[in-house]
Amino acid sequence: MTDRSDGPIGRLPEHLIVEIFIRLPVREWVEIACVNKQWGSIFQGDCLWQTAITRNWPSADLRKRWPGPIPRGSARRRFQALYVSENLVPSGGEIDELVGHTYLYLKEQLERPDMPPSSIIHGTIIDQFIACGKTGEKAHDLASKIWLAVIDGLEENQQTFLLLKHLAREGEFFLPFPYSRSYKVLWRVFDKLFTDFRDSFSGADYHNALSTAKSRFQPVPSTWLGH
């Protein structure tokens, strides 16, 4: 891409360039950051992200750090979390930065080659919400919404197929509420497998997965049947 650092915008002070960038659609930021080294370095620093937070979510700067295993992180991480909370996780119009951080944490855990058992990931999420004053019922409800949002946002590729198969095969863990796994989440795992990835199964794999589904859900939907 042509280097535009010597153009009119490139000659502006950095704080004015930041003010221009944060008024552009977020979906264009990746492309803008690739225009030249100067603009790329702006997106690598904290100034742009902190300015964007202040402009889009002014009250976010008033919130204190929270206890628990999931940290708040850098200004860039905070922007991502706030954006997720506003746009990807349904919360009745409320912007909860912690919900966004938990979404990012879950997504990263599911992408790890050495992914821990989902019960441990789920327990960490529950502990985080309870540490921040949520009731067990509210923590379980928020965790379920975040799991569903992450699963629904997975790309349709071989890696996702293998992940969903792994989640479907995991044994039942008899844990007390709110640490028990959500019925809705497990249902969504199987539903995505049998609808979005039906053609990815071998015959034996499909019948094994269907047998597992039947042991957990009765009756199973007709859309899950037939390979």
Side-chain angles (χ1 to χ4, degrees), residues 15-34 39-40 42-112 118 121-122 124-156 160 163 178 182 184-185 188-189 191-192 196:
H15 73 277
L16 291 181
I17 297 177
V18 166
E19 290 294 335
I20 293 171
F21 287 170
I22 65 172
R23 286 164 171 77
L24 298 174
V26 174
R27 63 179 178 274
E28 296 179 7
W29 287 8
V30 172
E31 183 177 352
I32 293 169
C34 295
W39 292 8
I42 289 174
F43 280 92
Q44 290 172 4
D46 273 358
C47 179
L48 177 138
W49 302 101
Q50 186 58 53
T51 305
I53 290 172
T54 302
R55 182 174 187 271
N56 290 284
W57 305 284
S59 62
D61 288 331
L62 305 176
R63 296 170 188 160
K64 297 179 180 179
R65 293 185 179 274
W66 50 75
I70 302 176
R72 194 163 73 164
S74 65
R76 179 172 185 164
R77 180 79 168 191
R78 293 190 64 212
F79 179 90
Q80 292 171 332
L82 287 160
Y83 183 87
V84 164
S85 178
E86 184 174 48
N87 296 282
L88 300 182
V89 182
S91 56
E94 179 184 356
I95 308 300
D96 187 337
E97 183 178 345
L98 178 57
V99 168
H101 281 288
T102 307
Y103 175 101
L104 296 174
Y105 164 80
L106 174 58
K107 190 170 185 297
E108 288 167 354
Q109 293 300 303
L110 296 182
E111 291 172 349
R112 285 176 52 179
S118 63
I121 300 173
H122 181 68
T124 302
I125 292 171
I126 295 296
D127 284 342
Q128 178 63 73
F129 284 126
I130 290 177
C132 292
K134 306 294 186 186
T135 64
E137 184 175 357
K138 183 63 175 178
H140 192 269
D141 179 62
L142 286 171
S144 297
K145 287 180 178 178
I146 291 166
W147 272 97
L148 292 172
V150 170
I151 290 170
D152 287 344
L154 294 172
E155 297 180 7
E156 291 189 24
T160 297
L163 169 63
S182 167
K184 290 181 180 179
V185 172
R188 187 67 60 85
V189 167
D191 189 55
K192 200 168 182 69
D196 295 350

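- When atom types are taken as modelled, the side chain of Gln128 and the backbone of Pro67 share a donor-acceptor pair closer than 3.5 angstrom.
- In this structure, the side chains of Trp147 and His122 come closer than 4.5 Å at one or more pairs of heavy atoms.
- Residues Lys145 and His140 fail the side-chain proximity criterion, which asks for heavy atoms closer than 4.5 Å.
- Lys134 NZ to Asp127 CG: the interatomic distance, rounded to the nearest 0.5 Å, is 15.5 Å.
- Salt-bridge annotation for Arg188 and Asp152: present, with a side-chain N of the basic residue lying under 4.0 Å from a carboxylate O of the acidic one.
- Here the CD1 atom belonging to Ile130 is positioned 13.5 Å from the NZ atom belonging to Lys138, to the nearest 0.5 angstrom.
- The shortest non-hydrogen separation linking Ala131 to Gly68 is CB-CA, 4.3 Å.
- Summarising the geometry of Leu104 relative to Ala81, their closest heavy-atom pair is CD1-N, 3.8 Å, with the distance given to 0.1 Å.
- Taking Ser182 as the reference, Ser144 meet the side-chain hydrogen bond (donor to acceptor under 3.5 Å, both in side chains) condition, with sequence neighbours excluded.
- Not counting sequence neighbours, Arg72 has no partner by the side-chain hydrogen bond (donor to acceptor under 3.5 Å, both in side chains) test.
- For Glu155, the CD atom sits in a loose shell: 12 or fewer heavy atoms of surrounding residues, nucleotides or ligands are nearer than 6.0 Å.
- Using a cutoff of 4.0 Å between basic side-chain nitrogens and carboxylate oxygens, Arg112 and Glu108 are not scored as salt-bridged.
- For Ser85 (side chain) and Val99 (main-chain N/O), no donor-acceptor pair under 3.5 Å exists by modelled atom type.
- Atoms CZ and CD1, from Arg76 and Ile53 in turn, are 12.0 Å apart once rounded to the nearest 0.5 Å.
- In this structure, Trp57 and Tyr83 have side chains that are in contact, with non-hydrogen atoms separated by less than 4.5 Å.
- No side-chain heavy atom of Leu48 sits under 4.5 Å from any side-chain heavy atom of Phe79.
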Between Phe21 and Thr51, does the side-chain contact (heavy atoms from CB on, under 4.5 Å) criterion hold? Intermediate values first, please. CA-CA 10 Å; Phe21 287 170; Thr51 305; over 6 Å; no
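- Between the CD atom of Gln109 and the CD1 atom of Ile121 there is a distance of 5.0 Å, given to the nearest 0.5 Å.
- For the atom pair CD1 (Ile146) and CD1 (Ile151), the distance works out to 12.0 Å, reported to the nearest 0.5 Å.
- Minimum interatomic distance between Ile22 and Glu19 (heavy atoms only, all atoms of both residues): CG1-O, 3.5 Å.
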Going through the distances and angles, do His101 and Glu97 end up as a side chain to side chain donor-acceptor pair (under 3.5 Å)? CA-CA 6 Å; His101 281 288; Glu97 183 178 345; 3.0 Å; yes
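- Within the 4.5 Å cutoff, side-chain heavy atoms of Gln50 are placed close to those of Arg78.
- Counting only heavy atoms from C-beta outward, the side chains of Ile17 and Ile42 approach each other to under 4.5 Å.
- Contact check for Leu142 versus Ile125: no side-chain heavy atoms found under the 4.5 Å cut-off.
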Test log, rule side-chain contact (heavy atoms from CB on, under 4.5 Å), inputs Asn56 and Leu82: CA-CA 9 Å; Asn56 290 284; Leu82 287 160; over 6 Å; no
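- Between Trp66 and Phe129, the ring centre distance reaches or exceeds 6.0 Å.
- The CG atom of Leu148 lies 13.0 Å from the CG atom of Leu88; values are rounded to the nearest 0.5 Å.
- In this structure, Trp49 and Phe43 have perpendicular ring planes: the angle between them is above 60°, well past the 30° mark.
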